[in-house]
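Numbering of ligands and ligand atoms starts at 1, following listing order. Residue indices begin at 1 and follow the sequence shown.
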Amino acid sequence: MTAYDNNNIFAKILRGELPCHKVYEDEHVLAFLDIMPRAPGHTLVIPKAAARNILDIKIEDYLHVARATHRIAAVVKKAFEADGVTVQQFNETAGGQVVFHLHVHVMPRHDGVALLPPASRKEDVKVLESNATKLAAVLKDASR
Ligand code: 5GP
């Protein structure tokens, strides 16, 4: 298997070298908005541990991602008044992976509304800011 590349985009986001619209962070994971959302509120959950994908991540690190994904799924559903949530995670090029730091897509879904194709368009920064604020507010409420 190809080795983990420290210079992938999400590693740079984790090191603060590139910006992101943060939704949630703890010592093990970071959740932030996808810049090319397939639905409004499309969030990515990533481990802080260096892992290329599900094929090399340590189970303990994966469990932190699973726990955060469980929480973020409920938060995106509430914040966007969604009817459902799609959770996806791709592994290696053949599996649909483009960025090689493990990430889970969490996308709020509404009845009858299709997802945009991957990487269709870069979202407006103001929209991302507003959606991140909306999600953080619901998360804060849920933590009380
Ligand atoms: P995957 O590797 O699972 O196919 O998808 C990678 C995802 O990362 C895509 O949904 C894409 O829109 C998102 N993405 C790519 N570059 C960036 C970036 O610089 N910032 C953020 N927030 N998302 C990104």
Side-chain angles (χ1 to χ4, degrees), residues 1-110 112-140 142:
M1 183 169 168
T2 313
Y4 180 81
D5 173 8
N6 266 315
N7 283 321
N8 73 74
I9 296 167
F10 295 167
K12 289 183 180 176
I13 287 176
L14 280 172
R15 291 196 294 268
E17 294 166 12
L18 287 176
C20 74
H21 292 90
K22 185 160 74 175
V23 172
Y24 172 76
E25 181 172 18
D26 64 26
E27 61 177 312
H28 301 292
V29 302
L30 175 68
F32 55 98
L33 292 180
D34 197 298
I35 47 163
M36 292 178 274
R38 299 187 62 192
H42 180 169
T43 301
L44 301 172
V45 181
I46 71 172
K48 290 195 172 175
R52 189 171 159 87
N53 55 42
I54 202 167
L55 302 170
D56 67 342
I57 192 168
K58 289 193 187 114
I59 186 63
E60 296 76 20
D61 294 325
Y62 186 69
L63 290 173
H64 289 301
V65 175
R67 185 173 287 111
T69 300
H70 179 260
R71 192 166 179 193
I72 295 297
V75 167
V76 299
K77 183 172 183 296
K78 186 166 183 198
F80 288 86
E81 296 175 357
D83 302 306
V85 180
T86 295
V87 175
Q88 282 184 322
Q89 193 269 314
F90 304 121
N91 302 284
E92 297 300 327
T93 305
Q97 186 174 13
V98 175
V99 177
F100 294 98
H101 180 107
L102 185 139
H103 52 280
V104 179
H105 299 261
V106 184
M107 297 170 278
R109 302 297 304 277
H110 292 88
V113 181
L115 289 174
L116 289 174
S120 317
R121 57 178 279 269
K122 233 177 174 179
E123 186 55 278
D124 189 85
V125 171
K126 290 271 171 232
V127 173
L128 291 174
E129 268 169 24
S130 148
N131 287 346
T133 305
K134 193 190 276 195
L135 287 164
V138 171
L139 194 55
K140 198 171 163 196

Name all residues meeting the ring-ring contact (aromatic ring centres under 6.0 Å, His included) criterion together with [X]; count only those two or more places apart in sequence or in a different chain, and write none if there are none.
{"X": "H42", "answer": "H105"}
{"X": "Y4", "answer": "H101"}
{"X": "H70", "answer": "none"}

Between atom CG of L55 and atom CD of E92, what is the distance when rounded to the nearest 0.5 Å?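 Interatomic distance, L55 CG to E92 CD, rounded to 0.5 Å: 6.0 Å.
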
Partner of K77 by side chain to side chain contact (heavy atoms under 4.5 Å, CB included), out of V106, I72, V85: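 When V106, I72, V85 are each tested with K77, the side chain to side chain contact (heavy atoms under 4.5 Å, CB included) holds only for V85.
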
Looking only at atom types and distance, does a side-chain atom of T133 sit under 3.5 Å from a main-chain N or O of E129, one as donor and one as acceptor?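 A pair under 3.5 Å: yes.
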
May I have the N/O to N/O pairs between ligand 1 and the protein that fall below 3.5 Å, each with atom names and distance to one decimal?
{"residue": "ligand 1", "atom": "2 (O)", "partner": "V98", "partner atom": "N", "Å": "2.6"}
{"residue": "ligand 1", "atom": "2 (O)", "partner": "V99", "partner atom": "N", "Å": "2.9"}
{"residue": "ligand 1", "atom": "2 (O)", "partner": "H103", "partner atom": "NE2", "Å": "3.0"}
{"residue": "ligand 1", "atom": "3 (O)", "partner": "H103", "partner atom": "NE2", "Å": "2.5"}
{"residue": "ligand 1", "atom": "3 (O)", "partner": "H105", "partner atom": "NE2", "Å": "2.6"}
{"residue": "ligand 1", "atom": "4 (O)", "partner": "G96", "partner atom": "O", "Å": "2.9"}
{"residue": "ligand 1", "atom": "4 (O)", "partner": "V98", "partner atom": "N", "Å": "3.4"}
{"residue": "ligand 1", "atom": "5 (O)", "partner": "H103", "partner atom": "NE2", "Å": "3.4"}
{"residue": "ligand 1", "atom": "10 (O)", "partner": "D34", "partner atom": "OD1", "Å": "3.4"}
{"residue": "ligand 1", "atom": "10 (O)", "partner": "D34", "partner atom": "OD2", "Å": "2.5"}
{"residue": "ligand 1", "atom": "12 (O)", "partner": "D34", "partner atom": "OD1", "Å": "2.5"}
{"residue": "ligand 1", "atom": "12 (O)", "partner": "D34", "partner atom": "OD2", "Å": "3.4"}
{"residue": "ligand 1", "atom": "22 (N)", "partner": "L33", "partner atom": "O", "Å": "2.9"}
{"residue": "ligand 1", "atom": "23 (N)", "partner": "I35", "partner atom": "N", "Å": "3.4"}

